[in-house]
Novice: 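Sharing a structure, written as structure tokens. Questions coming.
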Amino acid sequence: MVDLLPESIGLWQRVEGTAQDHFRRSGVREIRTPLLEPTHLFARGIGEATDVVGKEMYTFEDRSARSCTLRPEGTASVVRAAIQHGLLSQGPQRVWYSGPMFRYERPQAGRQRQFHQIGLEFLGFDDPRSDVEAIAIAWDLLVELGVGDLTLELNSLGTTEDRARYRSELVTYLSAHRARLDPDSRERLERNPLRVLDSKDSETQALLQQAPSLLDVLAPSSRQRFDLVLEGLSALQIPFTFNPRLVRGLDYYSHTAFEITSTKLGAQATVCGGGRYDGLVELLSGPPTPAIGWALGMERLILLLAQSAQQEKLGPVPDLYVVNRGDLAQSSALLLARGLRRLGLAVELDPGGAAFAKQFKRADRSGAPWAAVLGDAEADLGLVTLKPLRVAGEPISCSLVDLDAIRAVVGGL
Ligand code: ATP
Ligand code: MG
């Protein structure tokens, strides 16, 4: 699991801030659910046959011998909360969440055991236009953040009946070529045959080229629905490619499935994945509720952002750096910093005590445009010297108690 240090937090905060504002403008409200849930929520909601439930969950017993799991994803929890609090009887819900998720995977670039997602769920939305709106919100967020070179891949998984029909065709085809499948796919063929489409093995992929396609077995109404989604995306000028092998890892998906990928991420290419999950709410004992959602991997997004654009110093820069040395000066400095913070300035207070030269070096490194200099001599007179750090200019002496005057100088008012 990974620590996020202050020096790299700037990008995270920018992503979170942008996302929050983007969702506000999109009429999507935030929901926060616990990190810990009863294991059966995921076992039921995600499906025993998936990798996530089968191999990746952090599951343990609490002190009352209840099986608990650190959430591996957000959708099941959001649906549980919506059912539990009767949100669904208040009409369709558009919600988003963000936060850490936990999966016991092999850590590598863009794959961690604790990672972070931003996700969106539309609960109670059936119209193909809602698929288009949900995808557009993801696409536009990534564009707004400045991530380029993205590909939107789409497929339709149809209805449960469509998939059942397809599953049996696929199993017939793959069983005839069982020997050519990689061991993982052979196991999936028994447990979760659609997941074979996901295989990264080249021999299996070659075999899949000739496999029956899901699109061909879709009922006319499913096919028509998919066409409406594609038309809607075209109308919004969101480019997409059709990917007949795209199946989501989780069992509850139906109709639209999509991924947004980048070629700049190596093996972990998928930044955002989602789709429609019309059966999930009912599966978790709620009223029949059509729904669509997506989740975006923050680490992969940050990798992309860090690669693109020359990232200038992104950490927060204070308005003023307070240089202070001496007993009285250090006490006055704390008072000064606190007063100016209350007036809205971002003030960084040097720990104090070190030689002035050393403190000035730190002031420079902070990026602050101004230093406030306080020695005992100044403090004794009730004065502070304001010194511009980024441009040439004379120091200005101010009364320590005239915070408004200091703010006026520093804030350029
Ligand atoms: P992958 O095929 O990469 O394992 P997934 O299908 O398991 O992805 P989802 O469950 O759809 O992923 O999660 C949505 C997004 O969350 C992914 O597209 C990815 O960006 C991110 N994500 C998933 N697992 C991890 C992880 N272990 N570490 C970092 N990001 C992850
Ligand atoms: Mg995975």
Side-chain angles (χ1 to χ4, degrees), residues 1-4 12 15 19 35 41-42 45-47 49-58 69-79 96-121 134-135 137-139 141-142 145 147 150-155 157 184-185 188 192 194-201 205 243 245-254 256-277 280 291-307:
M1 303 205 180
V2 174
D3 295 311
L4 282 175
W12 285 81
V15 169
L35 301 193
L41 173 66
F42 303 116
I46 301 176
T50 59
D51 284 353
V52 172
V53 173
K55 321 182 192 169
E56 298 174 357
M57 293 203 307
Y58 281 88
T69 294
L70 284 169
R71 65 179 185 192
E73 55 104 52
T75 303
S77 303
V78 168
V79 169
W96 69 276
Y97 60 84
S98 73
M101 307 292 162
F102 303 84
R103 296 185 192 176
Y104 195 82
E105 301 200 72
R106 193 168 67 79
Q108 52 202 288
R111 192 176 293 288
Q112 293 171 191
R113 290 180 171 173
Q114 175 175 333
F115 62 102
H116 298 79
Q117 288 183 337
I118 295 178
L120 167 126
E121 316 290 354
I135 294 172
I137 291 175
W139 184 263
L141 173 60
L142 291 166
L145 284 166
V147 190
L150 296 171
T151 308
L152 167 62
E153 296 180 31
L154 283 169
N155 193 17
L157 306 178
D184 225 24
S185 296
R188 284 175 173 174
N192 192 356
L194 260 56
R195 287 296 314 280
V196 176
L197 299 182
D198 247 1
S199 169
K200 307 260 183 324
D201 182 83
Q205 275 302 325
N243 176 356
R245 314 229 179 284
L246 195 158
V247 286
R248 309 280 309 131
L250 312 180
D251 274 354
Y252 48 64
Y253 286 100
S254 52
T256 308
F258 72 96
E259 286 187 351
I260 300 176
T261 58
S262 167
T263 48
K264 293 187 182 152
L265 282 171
Q268 272 59 249
T270 307
V271 187
C272 178
R276 180 160 280 284
Y277 50 94
L280 181 64
I292 181 164
W294 51 255
L296 181 161
M298 296 267 280
E299 279 75 11
R300 294 182 197 180
L301 176 56
I302 299 280
L303 281 174
L304 283 176
L305 289 173
Q307 275 174 25

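We count ligands from 1, going down the list as the structure has it; atoms in each ligand are counted the same way.
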Novice: Show the numbers, then the answer: is there a side-chain contact (heavy atoms from CB on, under 4.5 Å) between Val15 and Met298?
Specialist: CA-CA 8 Å; Val15 169; Met298 296 267 280; 3.9 Å; yes
Novice: Which of the numbered atoms in ligand 1 are below 4.0 angstrom from a heavy atom of Gly110?
Specialist: 28 (N), 29 (C), 30 (N)
Novice: Using the rule side-chain contact (heavy atoms from CB on, under 4.5 Å), only one of Leu150, Thr270, Leu152 pairs with Thr261; which is it?
Specialist: Thr270
Novice: Within the structure, is a non-hydrogen atom of Arg300 found at a distance of less than 4.0 Å from ligand 1?
Specialist: yes
Novice: Less than 4.0 angstrom from a charged side-chain N to a carboxylate O is my criterion; do Asp51 and Arg188 meet it?
Specialist: yes
Novice: Examine the proximity of ligand 1 to Glu105 and report which part, side chain or backbone, both or neither, has a heavy atom under 4.0 Å away.
Specialist: side chain
Novice: Does any N or O of ligand 1 fall below 3.5 Å from an N or O anywhere on Gln117, backbone included?
Specialist: yes
Novice: Applying side-chain hydrogen bond (donor to acceptor under 3.5 Å, both in side chains), can you list everything that pairs with Thr256, at least two apart in sequence or on another chain?
Specialist: Asp131
Novice: Side chains of Ser199 and Gln205: do they bring a donor and an acceptor to under 3.5 Å?
Specialist: no
Novice: Sorted by first residue and then second, give each salt bridge (Lys or Arg N to Asp or Glu O under 4.0 Å) pair with at least one member in residues 106-115; sequence neighbours left out.
Specialist: Glu105-Arg111
Novice: At the 4.0 Å heavy-atom cut-off, does Gln268 count as touching ligand 1?
Specialist: no
Novice: Name the option, out of Tyr104, Phe115, Tyr253, Phe102, that contains the heavy atom nearest to atom 30 (N) of ligand 1.
Specialist: Phe115
Novice: At under 4.0 Å between heavy atoms, which part of Val271 makes contact with ligand 1: side chain, backbone, both or neither?
Specialist: backbone
Novice: Would you tell me which option among Arg111, Arg113, Glu259 has the nearest heavy-atom contact to atom 2 (O) of ligand 1?
Specialist: Arg111
